[in-house]
K.L.:
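The structure's right below; bear with me while I get my questions together.
First the proteins, then the strands, lettered A, B, ... as listed; each starts at 1.
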Amino acid sequence: MAEPLSSQYDPAQIEAALYREWEERGYFHARAEPVLRGETDPYVIVIPPPNVTAVLHMGHGLNNTIQDVLIRWRRMQGRESLYLPGTDHARIATQNVVERQLAAEGKTRSDVGREAFVERVWEFVDRTGSTILEQLRAIGCSCDWTRTRFTLEPDLSRAVREAFVRLFDKGLIYRGKYIINWCPRCLTALSDEEAEAAETQGRLYHIRYPIAGDAPTGAPRLADGRAYVVVATTRPETMLGDTAVAVHPDDERYRSLVGGRLILPLVDRELPVVADTYVDPEFGSGVVKITPAHDPNDFELAQRHDIAALDVMTPDAHMSDDVPGPYRGLDRFEARRRVVADLEALDLVERIEDHTHSVPHCYRCDTIVEPRLSEQWFVRMKPLAEPALAAARSGRVRFTPDRWLKVYEHWMENIRDWTISRQLWWGHRIPVWYCRADGCGNVMAPRTDPTECTKCGSGDIEQDPDVLDTWFSSWLWPLSTLGWPDETDDLRAFYPTQTLVTAPEILFFWVARMIMAGYEFRGDAPFADVYLTGTVRDTQGRKMSKSLGNGIDPLEVVQLYGADALRYTVISSVGFGTDVYMDPDNLDATFSAGRNFSNKIWNAGRFALMNIGDDPVATLDDVRADLETADRWILSRLSAATAEVTRQLEAFRFHEAAESAYHFFWGELADWYLELIKPRMQPEASAGSRRAAKATLVHVLDGALRLLHPVMPYITESLWLRLPAPGGVAREESLVVGRWPDPGPRDEAAEAQMDALMELIGAVRTLRSEYNVPAQLHIHVHLTNPGPSLQEALRAEERALRRMARVGEVTVNGGAEGMGAHAVLRSGADLFLPLAGVIDVEQERKRLGKELERIDGQLRATESRLSSEQFAARAPAEIVAREREKAESLRDQRERLGAKMRGLG
RNA sequence: GGUCGCAUAGCUCAGCUGGUUAGAGCGCACGGUUCACAUCCGUGAGGUCGUAGGUUCGAGUCCUACUGCGACCACCA
């Protein structure tokens with residue numbers, strides 16, 4: 001016999017060692033060759049790359065556990081499974097960390113210079129980066145670490161360059177001066193997706209703009225006699241940049257103004273009045289100030305009407321020199337206060353009202369984004385979106401839960417061009433060079449760094465200083481990690497991948513763009529399934545986050561309860577596309593399910609190993625003739641569980657798969673089967689019976705451990721390795737590469753018998769508990785009218801009834817007399833416990849009365865259904881037959897319960 | 001403003017094509033010193049399935065409206 005196991009499962013002792021063993025044996029390493037030879041199908045998940053500087057949190061815990069469950073399950077099914085790990089350089093996030101370090105030294109990035117700064121970021125990344133990959137090991141993720149990638153490493157940078165050049169050559173990348181989202185704190189452009197709208201309580205200022213020249217009759221007038229119109233704005237400081245005013249062409253009120261001029265207060269600039277359908281006459285006064293440099297709509301309108309733009313702000317959102325003296329250099333909000341105060345002093349403010357509207361904030365630092373006229377690089381998205389949209393509609397790419405398809409479609413249909421340049425230093429430098437030679441103006445995007453202009457040959461060229469949006473490398477991730485743009489074996493074997501598991505927050509940022517890149521650069525979708533997880537929240541429903549301090553550290557959980565407990569708990573909490581709630585203040589309660597289940601598995605395994613001892617174990621086939629009801633039952637249940645777990649995993653129903661496996665292991669195998677075979681493990685049991693029980697036990701435990709292995713790899717492997725091989729036949733060397741079981745046949749007779757027996761045992765226990773019959777006291781039971789299944793079960797497993805319900809003697813059909821407790825079983829059998837002296841007649845009468853009431857209620861419902869003509873006419877025959885049988889059985893039960901009542905006197 | 005989702009036990013959620021008595025885990029109550037496990041075993045209490053209509057022989061499940069919560073999208077200054 002193997003070394004004795006401790007009675008408590010101690011994960012710390014086994015996990016790290018097992019992981020090392022698995023990794024060393026190369027189980028996680030996927031081979032391209034067998035796939036290319038057509039010997040096996042690949043199953044590939046490319047990890048959503050965490051930020052290189054990230055530390056593992058529960059969101060990763062959830063995500064990566066799901067991925068690993070899928071990978072391990074498919075690997076057991078014999079697929080060449082690749083779980084490809086890696087990290088993302090996360091431009092702003094990482095740059096900010098290093099900038100903060102510099103700030104602590106009293107320096108800024110411009111103090112150290114670009115080259116030194118980038119070097120410093122690399123240092124930081126090399127030192128602290130990839131911690132998260134180590135942490136993924138701790139939760140058991142079976143990644144192929146030989147293929148770890150980083151978005152900024154040379155190969156991937158080459159992919160970024162290639163993608164840029166191709167799009168540039170096709171004219172899908174262009175540079176232009178447009179209104180973009182600008183973060184005045186990060187000092188960079190942001191994409192539309194990075195500017196997050198937040199409802200904000202603001203104000204709507206109604207400002208009087210005097211009319212130059214002839215005013216419409218009846219126009220209101222200022223104290224100085226000038227006529228005016230009212231213009232509404234939420235951002236008065238931007239009026240300093242107004243270059244026009246617009247009204248709706250059909251607006252009678254202002255028709256005479258069109259073509260005329262207004263005077264911009266505070267600046268005294270003349271503003272042309274134009275007519276444009278963009279203006280909503282219903283909103284505000286129906287007159288809109290046009291500030292082309294600080295509002296995207298105004299910018300478009302200005303283009304249509306050939307109106308100039310005037311940028312009145314500096315990059316850090318202070319007023320520029322293009323505004324009147326008093327406002328120069330003021331912060332934008334300070335400027336707003338000054339402008340309003342000055343207007344009020346001039347009696348030019350009609351009124352100020354509260355106004356709730358959504359204001360864009362920087363996704364990284366939450367600063368209010370400033371729409372800013374600026375020259376940036378863009379990707380033309382419409383042509384890229386078309387195949388990606390078609391792929392989702394045709395089902396080439398499936399979303400789970402499928403409601404995300406609509407969200408995706410909506411975004412794709414209304415897609416806007418992507419701002420890809422960022423005014424940062426950390427990231428992929430934009431591979432564009434400008435020729436500075438007089439009159440040349442050449443703009444080049446070559447595959448290798450140029451030394452001279454490709455047009456005029458001048459050596460006076462200069463690279464664009466900006467870097468690319470992080471997502472410009474991320475969207476290539478499934479391609480670049482497999483070797484693209486080279487035609488590598490990995491690319492040919494593993495692209496397209498199968499499943500992407502990620503959070504819905506990055507559906508647009510990442511998922512949609514990967515699909516576009518997949519089609520654009522490889523002509524196929526990057527994955528077949530997108531599984532979108534929920535969010536991990538605390539008990540108050542708040543998203544777990546570092547800043548709120550309501551996070552759970554997965555590593556602490558691993559340390560306390562083990563990776564398996566963490567994984568099981570996470571998997572069993574993840575409803576179909578629902579959020580996951582966990583209590584950071586009560587880890588014990590939160591992870592009790594996983595911890596307790598681990599312990600249960602451990603002890604069931606311990607029980608089996610202790611009882612099997614060193615004896616050789618027969619194969620199931622060898623003991624087929626000696627199998628007893630309980631054996632056939634548990635084998636049948638294993639078949640059922642196997643079919644269920646497989647089906648649920650196929651449908652991404654993790655919660656239910658975990659629950660099925662749990663219920664089988666605990667509720668059937670441990671609670672019933674192990675108890676049932678205890679007597680057969682004793683020396684006095686017959687050798688054949690013992691042999692059959694052990695063979696069944698080993699077989700069933702083997703199957704159960706396989707079903708649980710994807711979710712709980714450590715404990716299952718650790719026990720499985722100790723299980724003897726039936727018949728001495730060689731097995732797989734590890735569950736990691738073990739075979740996923742096929743469901744065997746069901747044994748309906750055995751299941752029916754055990755169901756009846758379990759119900760009987762339950763009924764006896766209930767009565768015992770109800771009447772407080774001491775555990776030491778063995779009682780007699782009398783059974784009348786047991787059905788065939790129950791009779792059969794009793795013949796086979798009477799000792800189980802005695803043991804598990806603490807029953808002395810069992811009398812069938814007869815001898816039931818005197819005072820006692822009654823119950824009617826579903827099978828129609830009648831249970832009687834003679835409990836003279838124990839029983840309380842009143843209590844028994846009440847109990848029977850309650851039961852009678854329940855049966856009466858059911859009977860009434862059933863009978864009324866049966867008496868309905870439509871039911872007989874329209875319901876399927878089997879349903880009608882079932883109802884008939886039910887009514888008959890209920891009538892029978894009612895009659896017998898009535899007799900019992902009368903018997904009580 | 002638009003789109004989508006959710007509402008089932010004290011809590012977190014299942015309930016997959018409408019069809020036996022609506023389930024699980026945690027929590028709660030009662031009982032348990034049986035040689036795998038007290039991180040355990042047994043028993044129990046607790047639900048008008050958000051509200052109101054409708055379709056159907058039959059609705060937690062399908063439809064409509066309403067209420068409440070949430071997510072995403074959106075240029076009404």
Side-chain angles (χ1 to χ4, degrees), chain A residues 5 7-9 197 204 231-235 238 246 278-280 282-285 287-291 295-298 300 355 357-358 371 401 403-404 406-407 410-411 414 504-505 507-508 535 539 541 561 565 569 572-583 588-590 592-593 595-611 647-648 651 653 655-656 659 662-663 667 670-671 674-675 678 762 765-770 772 774-776 803-806 826 854-855 857-858 862 865-866 868-876 878-880 882-883 885-886:
Chain A
L5 305 180
S7 71
Q8 299 270 305
Y9 171 55
L204 189 59
V231 171
T233 178
T234 53
R235 306 187 51 206
T238 62
Y278 155 70
V279 180
D280 175 4
E282 305 292 312
F283 189 89
S285 62
V287 184
V288 189
K289 64 196 259 318
I290 300 301
T291 320
D295 182 284
N297 302 303
D298 291 6
E300 281 173 27
H355 181 67
H357 59 144
S358 68
R403 62 188 147 88
W404 290 107
K406 279 199 180 139
V407 180
H410 182 254
W411 189 73
N414 298 288
E505 290 100 275
L507 185 61
F508 307 139
T535 307
T539 42
Y561 317 113
T569 302
S572 66
S573 336
V574 63
F576 197 65
T578 62
D579 289 345
V580 177
Y581 290 81
M582 297 189 153
D583 187 352
D588 249 16
T590 301
S592 62
R595 181 198 57 177
N596 297 355
F597 190 32
S598 296
N599 198 51
K600 191 68 181 179
I601 296 170
W602 184 253
N603 276 291
R606 200 168 146 245
F607 167 85
L609 294 170
M610 279 167 57
N611 281 289
R647 189 171 56 95
Q648 285 151 345
R653 292 180 172 272
H655 165 110
E656 289 156 59
E659 199 177 289
Y662 178 95
H663 178 257
D671 283 352
L674 295 188
E675 293 303 327
K678 273 177 181 173
R765 282 170 172 172
T766 302
L767 293 176
R768 286 189 68 115
S769 169
E770 209 123 321
N772 289 317
Q776 297 83 354
R803 244 180 71 82
M804 297 177 70
R806 309 200 60 75
R826 225 177 9 240
R854 188 178 60 83
I855 287 174
Q858 276 181 50
T862 310
R865 212 169 302 159
L866 279 168
S868 140
E869 275 173 41
Q870 292 100 319
F871 180 73
R874 303 209 190 156
E878 63 199 78
I879 301 278
V880 176
R882 200 167 69 201
E883 290 294 312
E885 266 171 50
K886 189 173 146 195

K.L.:
For nucleotides 71-74 of chain B, list the nitrogen or oxygen atoms of the protein found under 3.5 Å from its nitrogen or oxygen atoms, one pair per line.
P.N.:
unit_1 : atom_1 : unit_2    : atom_2 : d
A74(B) : OP1    : Arg416(A) : NH2    : 3.2

K.L.:
Distance check: side-chain N/O of Thr291(A) vs OP1/OP2 of A77(B), anything under 4.0 Å?
P.N.:
no

K.L.:
Nearest-nucleotide wise, let me know which of Glu869(A) and Gln776(A) is further upstream toward the 5' end of RNA chain B.
P.N.:
Gln776(A)

K.L.:
Which residue lies toward the 5' end of RNA chain B, Arg765(A) or Glu282(A), if each is placed at its nearest nucleotide?
P.N.:
Arg765(A)

K.L.:
Does the pair Asp588(A)/Arg595(A) count as a salt bridge with the N-to-O cut at 4.0 Å?
P.N.:
yes

K.L.:
Measure from CZ on Arg606(A) to C1' on A38(B) and round the result to the nearest Å.
P.N.:
14 Å

K.L.:
At 4.0 Å (heavy atoms only), tell me whether Ala604(A) reaches a base, stays on the sugar-phosphate, or touches nothing.
P.N.:
base

K.L.:
Mind calculating the distance between NZ (Lys678(A)) and P (C37(B)) to the nearest angstrom?
P.N.:
8 Å

K.L.:
Between A36(B), U20(B), C37(B), which nucleotide has the shortest distance from any of its atoms to the side chain of Arg882(A)?
P.N.:
U20(B)

K.L.:
Where the side chain of Asp671(A) is concerned, which of A36(B), U43(B), C41(B) is the nearest nucleotide?
P.N.:
C41(B)

K.L.:
If you check the Arg403(A) side chain, which of A36(B), C37(B), C4(B) turns out closest?
P.N.:
C4(B)

K.L.:
C13(B), U20(B), A36(B): which one has an atom nearest the side-chain heavy atoms of Lys886(A)?
P.N.:
U20(B)

K.L.:
NA contact type, Pro876(A), heavy-atom cut-off 4.0 Å: base, sugar-phosphate, or nothing?
P.N.:
base

K.L.:
Please determine, for G23(B), whether a Watson-Crick or G-U wobble partner exists with both distances under 3.5 Å, and give it or none.
P.N.:
C13(B)

K.L.:
Looking at U39(B), C76(B), A36(B), which one has an atom nearest to any side-chain atom of Phe283(A)?
P.N.:
C76(B)

K.L.:
Identify which nucleotide among C75(B), C16(B), G25(B) has an atom closest to any side-chain atom of Tyr662(A), counting heavy atoms from C-beta outward.
P.N.:
G25(B)

K.L.:
If you only use heavy atoms from C-beta on, which nucleotide in A77(B), C40(B), A36(B) is closest to the side chain of Asp295(A)?
P.N.:
A77(B)

K.L.:
Indicate yes or no: does Lys678(A) engage Glu675(A) in a salt bridge with an N to O separation below 4.0 Å.
P.N.:
yes

K.L.:
Looking at the side chain of Glu656(A), which of A77(B), G19(B), C16(B) is the nearest nucleotide?
P.N.:
C16(B)

K.L.:
Nearest to the side chain of Lys600(A), heavy atoms from C-beta on, is which of U12(B), C40(B), G15(B)?
P.N.:
C40(B)

K.L.:
Among G15(B), C26(B), A24(B), which nucleotide sits nearest the side chain of Asn596(A)?
P.N.:
C26(B)

K.L.:
So Ala232(A), base contact, sugar-phosphate only, or nothing? Heavy-atom distance under 4.0 Å.
P.N.:
base

